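Here is the structure we will look at.
Computed from a prediction, not measured in an experiment: that's the story for all the values here.
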Amino acid sequence: STIHKVDLSVADIDRGHYRDHSLTVARHPSETDERMMIRLLAFALHSQSAEEGQGALEFGRGLSTADEPDLWRRDLTGAIEQWIEVGLPDEREVRKACGRSCEVHVLAYGGRAVDVWWRTVGDKLERQDRLGVSEVPLEASRALARLAQRSMRLHVTIQEGHVFVADAADSVAVDIRVLKAVDGPA
């Protein structure tokens with residue numbers, strides 16, 4: 001694994017959530033910069049929910065561990081409150097996660113592959129009340145990959161449904177498309 005140190009500042013203006021995080025992210029040898037940056041984006045998007053609950057949002061052990069998500073939040077008893085996957089996970093694994101967690105989120109990326117994946121699994125996953133599925137556009141995910149460094153200072157601003165990720169030299173607008181919203185409270 002390659003270790004990345006990230007100072008992440010999140011300003012979620014819509015929810016009034018402002019927080020700085022010092023993160024250590026292990027990138028699996030088979031993981032791309034694009035996927036790692038989508039994991040960081042998922043952390044930023046869901047960091048506010050961890051503030052409301054009792055558990056901290058944590059990175060899973062990575063691609064080599066099939067029974068853990070990319071990110072998760074557990075309560076003090078170890079029960080899984082949130083299960084967060086990035087990419088195009090197997091439909092059966094997503095349904096299994098819905099049975100194990102109060103809320104499941106998938107942050108998909110990959111351009112046309114997302115449309116093909118959603119046409120294949122969407123009907124089966126629509127019935128999962130605890131599931132939310134969103135897509136990061138291909139241009140945005142590739143631009144995020146270009147921000148990847150071994151040591152990063154990133155600022156994520158969320159306002160009126162728009163997400164901006166910036167470092168000292170560049171910024172990326174990420175207009176996330178919701179494919180399926182979570183149906184009701186967790």
Would a distance-only check, ignoring hydrogens and angles, find a side-chain to backbone donor-acceptor pair under 3.5 Å from [X] to [Y]?
X: R130; Y: C98; value: yes
X: R39; Y: D70; value: no
X: W83; Y: V94; value: no

Calculate, to the nearest 0.5 Å, the distance between atoms [atom1] and [atom2] belonging to [X] and [Y] respectively.
X: S134; Y: L179; atom1: OG; atom2: CG; value: 6.5 Å
X: M152; Y: D7; atom1: CE; atom2: CG; value: 10.0 Å
X: I158; Y: I176; atom1: CD1; atom2: CD1; value: 7.5 Å
X: S141; Y: E34; atom1: OG; atom2: CD; value: 3.5 Å
X: E93; Y: R100; atom1: CD; atom2: CZ; value: 9.5 Å
X: H155; Y: L8; atom1: NE2; atom2: CG; value: 9.0 Å

Please give me the minimum heavy-atom distance between [X] and [Y], naming the atom from each residue.
X: Q149; Y: H4; value: O-ND1, 2.8 Å
X: P89; Y: W117; value: O-NE1, 2.9 Å
X: A145; Y: D33; value: O-CB, 3.9 Å
X: A26; Y: S1; value: CB-CB, 4.2 Å
X: E81; Y: C102; value: O-CB, 3.4 Å
X: T120; Y: K124; value: O-NZ, 3.8 Å

Could you state whether [X] and [Y] fall into the same hydrophobic cluster, counting links through intermediate Ile, Leu, Val, Met, Phe, Trp or Tyr residues with side-chain heavy atoms under 4.5 angstrom apart?
X: L71; Y: L23; value: yes
X: V104; Y: V178; value: no
X: L138; Y: V106; value: no

task: Start with the C-alpha gap between K180 and W118, add the side-chain angles, then the distance that decides, and say whether side-chain contact (heavy atoms from CB on, under 4.5 Å) holds.
output: CA-CA 10 Å; K180 181 195 179 310; W118 189 243; 4.0 Å; yes
task: Could you walk me through whether L57 and I84 pass the side-chain contact (heavy atoms from CB on, under 4.5 Å) test, one step at a time?
output: CA-CA 10 Å; L57 190 59; I84 302 167; 4.0 Å; yes
field: Result of checking V25, L144, V136, V86 against M37 for side chain to side chain contact (heavy atoms under 4.5 Å, CB included)
entry: L144
task: Apply the test salt bridge (charged side-chain N to carboxylate O under 4.0 Å, His left out) to residues D12 and R19: give CA-CA distance (whole Å), side-chain angles for both, the deciding distance (0.1 Å), then the verdict.
output: CA-CA 9 Å; D12 188 338; R19 180 92 192 265; over 6 Å; no
query: Taking the inter-plane angle between the rings of H46 and H105 on a 0 to 90° scale, is it parallel (under 30°), tilted (30 to 60°) or perpendicular (over 60°)?
result: tilted
- prompt: E58 and R74: salt bridge (charged side-chain N to carboxylate O under 4.0 Å, His left out), yes or no, with the steps?
  reply: CA-CA 9 Å; E58 301 171 1; R74 294 176 283 187; 3.0 Å; yes
task: Would you please test I38 and R35 for side-chain contact (heavy atoms from CB on, under 4.5 Å) and show each step?
output: CA-CA 5 Å; I38 297 295; R35 186 175 192 287; 5.6 Å; no
- request: Could you tell me whether the side chain of R153 reaches within less than 4.5 Å of the side chain of D167, counting heavy atoms only?
  value: no
message: Would T157 and I13 count as a side-chain contact (heavy atoms from CB on, under 4.5 Å) here? Give the steps.
response: CA-CA 7 Å; T157 305; I13 297 166; 3.8 Å; yes
